[in-house]
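Lettering of chains follows the sequences in order, A, B, ..., and the numbering in each one begins at 1.
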Amino acid sequence: MGFELAIANVSHSYAKMRALEDVSVTLNEGEILAVIGPSGCGKSTLLGVVGGLIAPSSGSVSLLGETPPDTLNPYTFIFQDFALLPWRSVAGNVGLPLEHHRLGVGERKARVADALARTGLSEFADALPKQLSGGMRQRVGIARALVVKPAVFLMDEPLSALDAQTRELLMDDFEDIWRREKTTGIYVTHNLDEAIRMADRVMVLRRRPGRVREIVAVPVPRGERRKPAAQGALRALHEELWANIREEAKLADREVARG
Amino acid sequence: MVDMSVGGTRRRALVSFRGGGFAPVSITWISVLFFVLLIGFWQMASSLGWVSGLFLPSPLRIVDALQRLALSGELTQHVTASLARIGAGWAVGAVLGVVFGGLIGLFSIWRSVGVPFIAAMFPIPKIALLPLFILWLGIGEAPKIVTIALGVFYPIAIGTYAGVDNVARTLIRMGQSFNMPFHHIAFKIVAPGALPSVLAAVRISTSIALILMVSAEMIGADKGLGAFLLTAGNLMQTDNLMAGIVVVAAIGLCISGLLTLVERSMLSWR
Ligand SMILES: Nc1ncnc2c1ncn2[C@@H]1O[C@H](COP(=O)(O)OP(=O)(O)O)[C@@H](O)[C@H]1O
Ligand SMILES: [Mg+2]
């Protein structure tokens, strides 16, 4: 029963630049893995490889076992810049990934309506993206992912384009959705707090080349991380991870772009 | 809070505003006034005999000429002939431009062939090719239509592939990440994304088409605004000449207004 996502020995080079080297990790169904690391450490590259948008120089990604039968798109992205079609309404954007599947009109509408309802967008179905706030736009991005019932959500800094308050609200939304049903996903972020709040395990990448530095489990279940009793353990994890990232973040910060 | 400056010992300096300017707007009454004054002055200069009616007919005489030409049916004939040419030439050039521009935007082979070809052909004044087209196609409508079509083709092809190039990469990756088939990505993501650039090129192409229409009709046509202008010039009928120019300008304005409507309705999402 269930499935596993196996990332096995993935390496990737852009021309001469080694972006990823020998990254391996296995996700179980229902698990959220956060990937953190300074900018340029290969987080987006890793997600691109997992989602089949980048052909890795070596290594492979595979799903082992049974994926949910009604999945239309096993690996589904939620993008940092939302990637909405500005000329389509909210419902049009959410329905887009269904249009090349053989579905009845009724099922199509039902799926879109369900995804809109689950992201609180029902009353905005006819609005254009330009009329929405950043947070609402990303909710459209989430609804568009939900509509194809993915096996694995691939989230590339989904909250980076939003202000701090909106980020909080959307994290709540993610948690709600994840609580209601078992969700498997990779959550890329450069924000340590976000990683510790959202993930079951946190994978730290180092840069140049991007290698796995460590993978640590968050010691408190996601539902209990707001409780006062959990704060000590979470703070300790935060400090441990930050100590590891700090030096490399400093290097990334002081780097001069060439080319 | 207590006002500490009550004693009058502290200097008070108001912040002066320095953020003005650099925001020009069109003020309608000034625009209208300008044209009224211009035309009024022109009429006055003619009425007072400051300029000879032969060199520059007065606005009233131009209106007279327009009326006479309209009533005699002459104007309709020329305008119809011209609109038919520009319509046909523009449509052919625009369709081919969009198709080839799209192919160049999507496929390496078309890009390798098309971009240098366009770079070489675009700068040629198309009217210079008209004699050649007459040689090839005879002296009917075809050479004029081809000349207009060619003039329209290049800017629209360039505008189309530039528009395709400018479609946000992440939107295409989004389409791929949902396994959308190629033609869905091309028609649902790339085409609408390129539309603003295509419409900008359409706008440029219409003024090129208008210039080519008049020029081609001056070279070989007995009906059409270009032919009418040439005859009026040769016969020193400057009132007819000016009336023809007014009609050409009016056609240009109508096309431009029409395009604005099209842009508003098709690009309202921006
Ligand atoms: N298309 C590309 N061509 C060349 N180099 C790239 C390309 N995409 C990313 N890189 C480089 O690969 C490294 C990893 O990039 P990326 O995966 O985007 O990192 P992150 O998402 O962690 O910021 C960076 O140094 C970046 O400059
Ligand atoms: Mg990135």
Side-chain angles (χ1 to χ4, degrees), chain A residues 44-45 47-55 71-90 92-102 126-132 137 140-141 143-158 160-161, chain B residues 94 97-99 101-102 105-108 111 156 159-203 258-270:
Chain A
S44 297
T45 305
L47 219 53
V49 169
V50 174
L53 294 180
I54 295 174
T71 293
L72 290 178
N73 191 50
Y75 303 94
T76 299
F77 282 85
I78 295 174
F79 297 87
Q80 177 178 357
D81 62 358
F82 322 136
L84 303 179
L85 302 183
W87 50 86
R88 282 193 178 220
S89 67
V90 167
N93 269 288
V94 173
L96 178 76
L98 301 179
E99 288 172 11
H100 61 282
H101 291 284
R102 282 184 202 286
D126 297 322
L128 285 173
K130 70 168 179 186
Q131 299 172 292
L132 301 178
R137 288 182 204 183
V140 180
R144 182 181 56 194
L146 291 172
V147 87
V148 293
K149 313 208 165 146
V152 180
F153 285 81
L154 303 173
M155 298 165 273
D156 193 353
E157 307 201 21
S160 292
Chain B
V98 167
V99 169
L106 290 173
F107 300 104
S108 300
R111 175 163 300 239
I156 292 193
T160 303
Y161 81 70
V164 171
D165 289 352
N166 273 330
V167 173
R169 202 73 219 160
T170 53
L171 291 185
I172 293 170
R173 305 255 289 175
M174 181 275 290
Q176 293 176 320
S177 80
F178 283 106
N179 259 339
M180 284 172 68
F182 179 86
H183 64 282
H184 279 237
I185 294 179
F187 286 103
K188 293 181 178 179
I189 297 179
V190 174
L195 192 61
S197 172
V198 175
L199 287 182
V202 162
R203 193 175 274 283
L258 211 65
L259 281 176
T260 305
L261 290 182
V262 171
E263 279 169 4
R264 270 203 207 132
S265 72
M266 294 185 88
L267 302 180
S268 58
W269 47 268
R270 289 211 293 186

Inset, instruction - Indicate yes or no: at least one non-hydrogen side-chain atom of Met174(B) is less than 4.5 angstrom from one of Phe79(A). - result: yes
Legend entry - Contact winner vs chain A - His184(B), Gln176(B), Met266(B), Met180(B), heavy-atom pairs under 4.5 Å: Met180(B)
Legend entry - Side chain, backbone, both or neither of Arg88(A) within contact of chain B (heavy atoms, under 4.5 Å): side chain
Inset, instruction - Give me the one residue out of Val148(A), Leu72(A), Asn73(A) that meets side-chain contact (heavy atoms from CB on, under 4.5 Å) with Asn179(B). - result: Asn73(A)
Legend entry - Side chain to side chain, Leu96(A) and Phe178(B), heavy atoms closer than 4.5 Å: no
Legend entry - Minimum heavy-atom distance between Trp87(A) and Gly193(B), given as atom pair plus value: CH2-N, 3.5 Å
Legend entry - Neighbour count above 12 (heavy atom, 6.0 Å) for Phe187(B) CZ: no
Inset, instruction - Pick one of side chain, backbone, both or neither for Tyr75(A), based on which atoms fall under 4.5 Å of a heavy atom in chain B. - result: backbone
Inset, instruction - Would you please test Ser177(B) and Thr76(A) for side-chain contact (heavy atoms from CB on, under 4.5 Å) and show each step? - result: CA-CA 7 Å; Ser177(B) 80; Thr76(A) 299; over 6 Å; no
Legend entry - Heavy-atom proximity to chain B below 4.5 Å, by part of Gln131(A): neither
Legend entry - Spatial distance of atom CG (Asp81(A)) from atom CG (Leu171(B)) [nearest 0.5 Å]: 7.5 Å
Legend entry - Side-chain touch Arg173(B)/Ile54(A), heavy atoms, less than 4.5 angstrom: yes
Inset, instruction - Go through the atoms of Leu53(A) and report whether side chain, backbone, both or neither lie under 4.5 Å from a heavy atom of chain B. - result: both
Legend entry - Pick from Arg144(A), Lys130(A), His100(A), His101(A) with the largest number of heavy-atom pairs that fall under 4.5 Å of chain B: His100(A)
